[in-house]
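Numbers here simply count residues along the sequence, with the first being 1.
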Amino acid sequence: MTSFLSKLFTDVSNLLKNSDDYNVLLEIGQPPNIKVFRAHSIILKARCLYFKSALSNDWCKKDENRNIIFKKPNILPNVFEVILNYVYTGTLVFSNLTTSEIIHLLETIDELAFEELFSHVQEHLISHSSEFIKQNISTVTDIAFKHEAFKILQTYCIDLITKEPQPFFSSPAFLSTNESILIAILSSDDVRIEEIILWNYIIQWGLHNSSTPIEMIIKDDEIEYETIDEYTSIDFTSLKTTLSPLLSLIRFSDISTEDYETKVKPFQSILPSNLLLWRYHFEDKTIKINLTSRKPPYSINSTLINHKQSTIIANWIDSNEGNLNVNGKIQFGKIRFNLLYRGSKHQFSFKKFHKMCDNQGPSLVLIKSKSNIDGCCKEEIIGGYNPVGWKSANQYIIRDDSFIFNLGDLSSESNYILSRIQPNLKYYAIYDGENFGPSFGKGDMEFSCISRPREGFCRWRCYDKPIRDTEAL
């Protein structure tokens, strides 16, 4: 059998612009942006289930020339033009549409039931407009969750929010967020925000959306009460009803006892009774809740890196750490990261560094380095691992398992540099001097100027590769 499908497609496509027997007039848009399109009912009904019903004799109106009159004021004319072109040609062309119009296109194909286009348009939107989605995350997420068919976009938006939750929760649009969106966020095991902060925002949302609204302000992640005197004005019954679908998704085990007492317990009348009993028996763990901790296995109290980078570093320390289990989740290992010293908080000085870090066991050093290259400011996260820790011993530490590294600007793992001590130079792995800051090798990464403790350098000598292009830190 000989196929002439290409000729058929061409002929049908030509009907859109070169036909004199149209019988449908489609009035699309609202004043002043209205456009009338001409089409054939037989093609519209054959290509679209929506039009098969909408253009039936029971629905449609006709003018004096027996043309079917069809009006859709809620669709933008240029978006409908793309759809009509697809109906006749089988080709979907996005080139003339803005990102906002592509989102409108997505909503329109859902309304008109072009199911075969759902995945394609969502994937196009994500791959070509990721920055727009990020900048308008509340709006796009709200649209995605209003449409059952937008699963791909829903998943993408929730992933963005859980990775960078602060902009979403602190935006003015948060208080109008649909409950289904919050359920999706709270159901995630990887919301990168402290659980008590998450609790504060959920309380704020609940009070705003209860039957007796109370407006609350969150500043620096803490609740500020503006219109209430302590908790006396809160209608707890209404609040409990509003938050009922969300409370079971809060990971209360990730909230410290102190925060629980001061920030959760005042709302105990809205909490499930089994949770109150669980907190009472928290120490001996006689009662367990179903949800796992939201804290990652290698959570780290750092302003420079997150748990993803800390997991990679844990694997560099011990290859048995940071691996996935059978469910694809990172397994808990033996390594735990506890903050000993933060220069911006505790003071930049070698004396302070050794006071807080000496005799504390194996240590990880993280440093943010800034450099100016060809007029461009470049930030990098560099660091080193001391397997035995600091003692102010004023001598080299002999180790064959120390390393230094550069995580770049954290944008891509492919840019990470890991440099291990060369076996024949292990005698100079780490210099532990009371008048030195963290120093590795014979200058491979060194802080040795006591009067300028924030200044250092990297001169490749003892480790197997350089970690920076420039020396000065």
Backbone N or O of S392 within a donor-acceptor pair of the D432 side chain at under 3.5 Å?
yes

Begin with the C-alpha distance, continue with both residues' side-chain angles, and end with the deciding distance and a verdict on side chain to side chain contact (heavy atoms under 4.5 Å, CB included) for F236 and Q268.
CA-CA 9 Å; F236 285 100; Q268 64 181 354; over 6 Å; no

Out of curiosity, I185 CD1 to F169 CZ, how far, rounded to the nearest 0.5 Å?
4.5 Å

Sub-3.5 Å donor-acceptor pair from the side chain of E321 to the main-chain atoms of A314, do we have one?
no

Quick one: does I382's side chain get under 4.5 Å of I404's, heavy atoms only?
no

One pair to check against side chain to side chain contact (heavy atoms under 4.5 Å, CB included): T303 and R342. What are the steps and the verdict?
CA-CA 9 Å; T303 59; R342 178 177 289 156; 4.0 Å; yes

Indicate yes or no: at least one non-hydrogen side-chain atom of L247 is less than 4.5 angstrom from one of I270.
yes

Given R468 and T470, is the side-chain hydrogen bond (donor to acceptor under 3.5 Å, both in side chains) satisfied, shown in steps?
CA-CA 5 Å; R468 298 192 82 235; T470 57; 3.2 Å; yes

Any donor-acceptor N/O pair, H354 side chain to G433 backbone, under 3.5 Å
yes

Looking only at heavy atoms, the pair that brings S439 and W390 closest together is N-CH2, 3.8 Å

Can you sort out the partners of S210 under side-chain contact (heavy atoms from CB on, under 4.5 Å), two or more places apart, ordered by chain and number?
T212, S238, T242

Ring centers of W199, F252 separated by less than 6.0 Å
yes

Which residues pass the salt bridge (Lys or Arg N to Asp or Glu O under 4.0 Å) test with K134, sequence neighbours left out?
E164

Show your working on side-chain hydrogen bond (donor to acceptor under 3.5 Å, both in side chains) between Y156 and E123 and close with a plain yes or no.
CA-CA 10 Å; Y156 181 78; E123 289 166 357; over 6 Å; no

Polar side-chain atom of T177 near backbone of F174 as donor-acceptor pair, under 3.5 Å:
yes

Rounded to the nearest 0.5 Å, what's the gap from CG on N386 to CD1 on I397? Could you check?
4.5 Å

Test K442 against Y396 for side chain to side chain contact (heavy atoms under 4.5 Å, CB included), laying out the working first.
CA-CA 9 Å; K442 301 185 78 171; Y396 278 101; 3.6 Å; yes

Distance (rounded to the nearest 0.5 Å) between I137 CD1 and S171 OG
10.0 Å

Could you check whether any side-chain N or O of N394 sits under 3.5 Å from a backbone N or O of E434, counting only pairs where one atom can act as donor and the other as acceptor?
yes

What's the spacing between N136 CG and S100 OG if we round to 0.5 Å?
7.0 Å

Ring centroids only, cut at 6.0 angstrom: are F114 and H120 within range, meaning strictly under it?
no

Looking only at heavy atoms, which two atoms of I255 and V264 are closest? And how far apart?
CD1-CG2, 4.0 Å

Counting C-beta onward and ignoring hydrogens, is there a side-chain heavy-atom pair between I109 and F118 closer than 4.5 Å?
yes

Let's go through W205 and E179 carefully: what are the C-alpha distance in whole Å and the side-chain angles of both, what is the deciding distance for side chain to side chain contact (heavy atoms under 4.5 Å, CB included) to 0.1 Å, and is it a yes or a no?
CA-CA 10 Å; W205 180 88; E179 178 188 277; 4.2 Å; yes

Separation between CZ (F405) and CZ (F440), nearest 0.5 Å, reads 8.5 Å

So P362 and Y385, do their side chains get closer than 4.5 Å, heavy atoms only?
yes

Under a 3.5 Å distance rule, please check whether H208 uses its side chain to pair with a backbone N or O of Q204 as donor and acceptor.
no

Over 60° means perpendicular and under 30° means parallel, so classify the ring planes of F150 and H147, tilted if in between.
parallel

Side chains of L153 and I126, heavy atoms from C-beta outward: is any pair under 4.5 Å?
yes

Test item: S129 side-chain N/O and F132 main-chain N/O as donor-acceptor pair under 3.5 Å
no

Residues, nucleotides or ligands: over 12 heavy atoms within 6.0 Å of E116 CD:
yes

Whether S130 side chain and S127 backbone form a donor-acceptor pair below 3.5 Å:
no

Quick check for you: to the nearest 0.5 Å, what is the distance between I102 atom CD1 and H124 atom NE2?
4.0 Å

For K368, what residues pass the salt bridge (Lys or Arg N to Asp or Glu O under 4.0 Å) criterion, not counting sequence neighbours?
E379

Smallest heavy-atom separation, A149 atom then Q122 atom, equals O-NE2, 3.3 Å

Fit a plane to each ring of Y341 and F353, take the angle between them on a 0 to 90° scale, and name the class: parallel (under 30°), tilted (30 to 60°) or perpendicular (over 60°).
perpendicular

Between I313 and L366, what is the shortest heavy-atom contact and its length?
CD1-CD2, 4.4 Å

Contact check, side chains of F267 and I234, non-hydrogen atoms, under 4.5 Å:
yes

Heavy-atom side-chain contact between N359 and K391 under 4.5 Å:
yes

List the atom of I75, the atom of H104, and the distance in Å for their closest heavy-atom pair.
CA-NE2, 3.5 Å

Contact between F350 and S448 at the side-chain level, heavy atoms closer than 4.5 Å - yes or no?
no

Contact summary for S180 and F145, nearest pair of heavy atoms
OG-CD2, 3.7 Å

Please answer whether the main-chain N or O of N306 pairs with a side-chain N or O of Q309 as donor and acceptor at a distance below 3.5 Å.
yes

Is a side-chain donor or acceptor of E471 paired with a backbone partner of F457 at a separation under 3.5 angstrom?
no

Go through the structure and list residues passing salt bridge (Lys or Arg N to Asp or Glu O under 4.0 Å) with E107, not counting sequence neighbours.
none

Go through it in stages, so that I can follow the logic: the residues are E111 and N74, the test is side-chain hydrogen bond (donor to acceptor under 3.5 Å, both in side chains), and I'd like the CA-CA distance, side-chain angles, deciding distance and then a yes or no.
CA-CA 10 Å; E111 181 182 351; N74 64 319; 2.9 Å; yes

Residue set satisfying salt bridge (Lys or Arg N to Asp or Glu O under 4.0 Å) with D358, at least two apart, ordered chain then number -> none

Tabulate below the donor-acceptor pairs under 3.5 Å that side-chain atoms of residues 420-428 make, not counting sequence neighbours, or state none.
| from | atom 1 | to | atom 2 | distance (Å) |
| --- | --- | --- | --- | --- |
| R420 | NH2 | W316 | O | 2.8 |
| Q422 | NE2 | C462 | O | 3.4 |
| Q422 | NE2 | Y463 | O | 3.0 |

